[in-house]
**Student:** 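A single structure is presented below for examination.
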Amino acid sequence: MLTRSILSVAVCGLLLSPLLPITRASQEEDAGKQDKEFAVELDPETFDTAIAGGNVFVKFFAPWCGHCKRLQPLWEQLAEIMNVANPKVIIAKVDCTKHQGLCATHQVTGYPTLRLFKLGEEESVKFKGTRDLPAITDFINKELSAPAEADLDEVKREQVENLNLGKVVDLTEDTFAKHVSSGNHFVKFFAPWCSHCQRLAPTWEDLAKELVKEPAVTISKIDCTQFRSICQDFEVKGYPTLLWIEDGKKIEKYSGARDLSTLKTYVEKMVGVPLEKTAGEAGDDKVAIEEVAGEEDAAKKLAPQQLTGEDEFDQAIAEGVAFIKFYAPWCGHCQKLQPTWEQLATETHQAQSSVKIAKVDCTAPENKQVCIDQQVEGYPTLFLYKNGQRQNEYEGSRSLPELQAYLKKFLGHDEL
């Protein structure tokens, strides 16, 4: 009886074994569809031909490397964007565990190494910035854009701005970055179903008309239900959100009243040029400015300190305890952490603690060197500094109690 059972199992195994490769191949095919790769994979036979035919940005990597794994989805996203017909640059990759000689030829000593090979140039340019999409695309644009093209873009931009005077500019995912890249912009992030947005709409149109003689600022809007990624990049959490943007960088979130008079006063303050006033507005301006300024001052005292540039960063960490979040606005994990980080700052500062709760936007040009020096490899990265000395990276839970417990290890018993 036992012998018969064993024989039955063996026969079943033999019958099923031819089907296993088919099943495995089907699973691999499904996985391939889900994880489609856009970056061009190069080897010693195709490498020289590729760089002889145009600009090529190459990621030299090892599959086991943790930093390479974190970079993988971003690199494929970049390739999907750039690897189109007649590309400005081809996004490629080389597996150094398979092609060690090729990697050694190009002085690859660590992973990942990113090198830009320009058409007609013998030496490649190594990318040394933070590994995020804004920093990488900025690097590509700077390395490959001709001055003449930049001048032409500036002329076109000024022509478009002149056409936009007196009206609200309706922005899209394709036009947003270029529109806000230079100059002053007051942008409304909205959702069509939002009742507050609907009430603000006519006032926003009136504001644009009132500023028809003020070329120093444009009034614009973007629909977050259609262009969600842009709104996520600027950490929009509710509607309407009104942001003041200068030269592509978010300066501050407007938190005052949404009537025409107060909005004009705010624009006047930000532009620094007195605007024409309608009857009855002048008397209310002083009160409006004081109320808005008072609210902003109170909020800033409790909010995480936004650090900008190396000098400001060095000053913040020099004495006492500073807990700093290094982030990118488009990062999903950073967006999830944001309300907790703000609550941590509020409760810490309300307790009159000597701790500084701060944050550094690693996509801002003035912060790139700071993030490189602090060895920020992913987002968000949390570092605590005590009297200028950086502690080990915080890798615990990002819940408020756990963050507060971590802080207490570096403080006296009467703090926090």
Side-chain angles (χ1 to χ4, degrees), residues 34 36 38 73-74 76-85 88 132-138 141 153 156-157 159-209 211 217-255 258 260 263 266-267 327-339 361 363-364 379:
Q34 293 174 356
K36 186 175 181 181
F38 297 92
L74 185 148
E76 293 300 328
Q77 182 185 358
L78 180 66
E80 184 178 6
I81 295 169
M82 304 298 288
N83 290 356
V84 294
K88 181 178 184 178
D132 58 69
L133 199 57
I136 290 174
T137 52
D138 183 54
N141 290 333
D153 288 342
K156 289 180 178 178
R157 184 189 65 77
Q159 291 174 345
V160 171
E161 279 187 355
N162 290 335
L163 294 174
N164 291 332
L165 291 177
K167 67 178 183 179
V168 175
V169 184
D170 204 348
L171 299 175
T172 68
E173 197 166 13
D174 295 329
T175 62
F176 187 92
K178 186 175 181 180
H179 178 79
V180 304
S181 64
S182 180
N184 302 313
H185 305 275
F186 202 11
V187 185
K188 176 181 70 171
F189 296 79
F190 75 101
W193 48 259
C194 159
S195 58
H196 294 298
C197 303
Q198 293 166 7
R199 285 197 292 272
L200 176 61
T203 305
W204 202 246
E205 296 287 342
D206 290 341
L207 179 64
K209 293 175 184 176
L211 300 176
V217 61
T218 63
I219 306 300
S220 52
K221 63 180 180 180
I222 185 165
D223 183 349
C224 291
T225 64
Q226 293 189 51
F227 310 110
R228 191 171 300 174
S229 62
I230 298 293
C231 300
Q232 288 176 343
D233 288 350
F234 283 84
E235 301 180 313
V236 173
K237 299 297 181 183
Y239 309 120
T241 292
L242 309 180
L243 298 183
W244 187 270
I245 299 174
E246 293 181 8
D247 298 331
K249 181 183 176 184
K250 180 177 77 174
I251 301 302
E252 66 181 31
K253 178 181 176 181
Y254 175 77
S255 57
R258 295 176 188 148
L260 181 59
L263 288 168
Y266 175 76
V267 173
Y327 73 100
W330 48 262
C331 157
H333 294 299
C334 303
Q335 293 166 10
K336 290 178 184 176
L337 176 60
Q338 182 191 354
D361 179 357
T363 67
Y379 306 120

**Student:** Measuring from Ile230:CD1 to Thr172:OG1, what's the distance to the nearest 0.5 Å?
**Tutor:** 8.5 Å
**Student:** So how far is it from Leu133 CG to Asp138 CG, rounded to the nearest 0.5 Å?
**Tutor:** 11.0 Å
**Student:** With rounding to the nearest 0.5 angstrom, report the CG to CG distance, Leu171 to Asp223.
**Tutor:** 11.5 Å
**Student:** Verify side chain to side chain contact (heavy atoms under 4.5 Å, CB included) between Thr137 and Ile81, making sure each step is shown before the conclusion.
**Tutor:** CA-CA 10 Å; Thr137 52; Ile81 295 169; over 6 Å; no
**Student:** In Å and rounded to the nearest 0.5 Å, what is the OH to CG distance from Tyr379 to Leu337?
**Tutor:** 14.5 Å
**Student:** Surrounding NZ of Lys237 (heavy atoms of other residues, nucleotides or ligands, distance under 6.0 Å), is the total greater than 12?
**Tutor:**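 Yes, because the 6.0 Å sphere around NZ of Lys237 holds more than 12 heavy atoms from other groups.
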**Student:** Any heavy-atom pair between the side chains of Glu252 and Glu246 that's under 4.5 Å?
**Tutor:**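 Contact flag for Glu246/Glu252 side chains = no.
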**Student:** Applying side chain to side chain contact (heavy atoms under 4.5 Å, CB included) to Trp193 and Thr225, what does each step give before you reach the verdict?
**Tutor:** CA-CA 9 Å; Trp193 48 259; Thr225 64; 3.7 Å; yes
**Student:** Looking at side-chain heavy atoms only, is the closest gap between Leu243 and Tyr254 below 4.5 Å?
**Tutor:** no
**Student:** Within a strict 4.5 Å, meaning less than it, do heavy atoms of the Phe234 and Thr241 side chains meet?
**Tutor:**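 Result no, sub-4.5 Å side-chain heavy-atom pair not found.
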**Student:** With side-chain contact (heavy atoms from CB on, under 4.5 Å) as the test, pick out the partner of Arg258 among His196, Lys188, Arg199.
**Tutor:** His196
**Student:** Give, for atom CG of Asn83 and atom CD of Glu76, the distance between the pair rounded to the nearest 0.5 Å.
**Tutor:**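 Interatomic distance, Asn83 CG to Glu76 CD, rounded to 0.5 Å: 9.0 Å.
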**Student:** How close do Asp247 and Gly183 get, counting heavy atoms only, and between which atoms?
**Tutor:**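 Smallest interatomic distance, heavy atoms only, reads OD1-N, 2.8 Å.
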**Student:** Under the side chain to side chain contact (heavy atoms under 4.5 Å, CB included) rule, what do Leu242 and Leu200 come out as? Steps first, then yes or no, please.
**Tutor:** CA-CA 11 Å; Leu242 309 180; Leu200 176 61; 3.9 Å; yes
**Student:** Output, in order, the C-alpha distance, side-chain angles, deciding distance and verdict of side chain to side chain contact (heavy atoms under 4.5 Å, CB included) for Gln226 and Glu173.
**Tutor:** CA-CA 9 Å; Gln226 293 189 51; Glu173 197 166 13; over 6 Å; no
**Student:** Any non-hydrogen side-chain atom of Phe176 less than 4.5 Å from a side-chain atom of Val187?
**Tutor:**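 Phe176 reaches Val187 side chain to side chain.
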**Student:** Show the nearest heavy-atom pair for residues Pro329 and Thr363, with the distance to one decimal.
**Tutor:**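 Heavy-atom minimum between the residues: CD-OG1, 3.5 Å.
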**Student:** Parallel, tilted or perpendicular, judged at 30° and 60°: which one describes the rings of Trp244 and Phe186?
**Tutor:**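 The rings of Trp244 and Phe186 sit tilted, inter-plane angle from 30° to 60°.
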**Student:** So Val169 and His185, do their side chains get closer than 4.5 Å, heavy atoms only?
**Tutor:** no
**Student:** Mind checking the CG-CG spacing from Asp206 to Leu260? Nearest 0.5 Å is all I need.
**Tutor:** 6.0 Å
**Student:** Does the side chain of Phe190 come within less than 4.5 Å of Trp204's, by heavy atoms?
**Tutor:** no
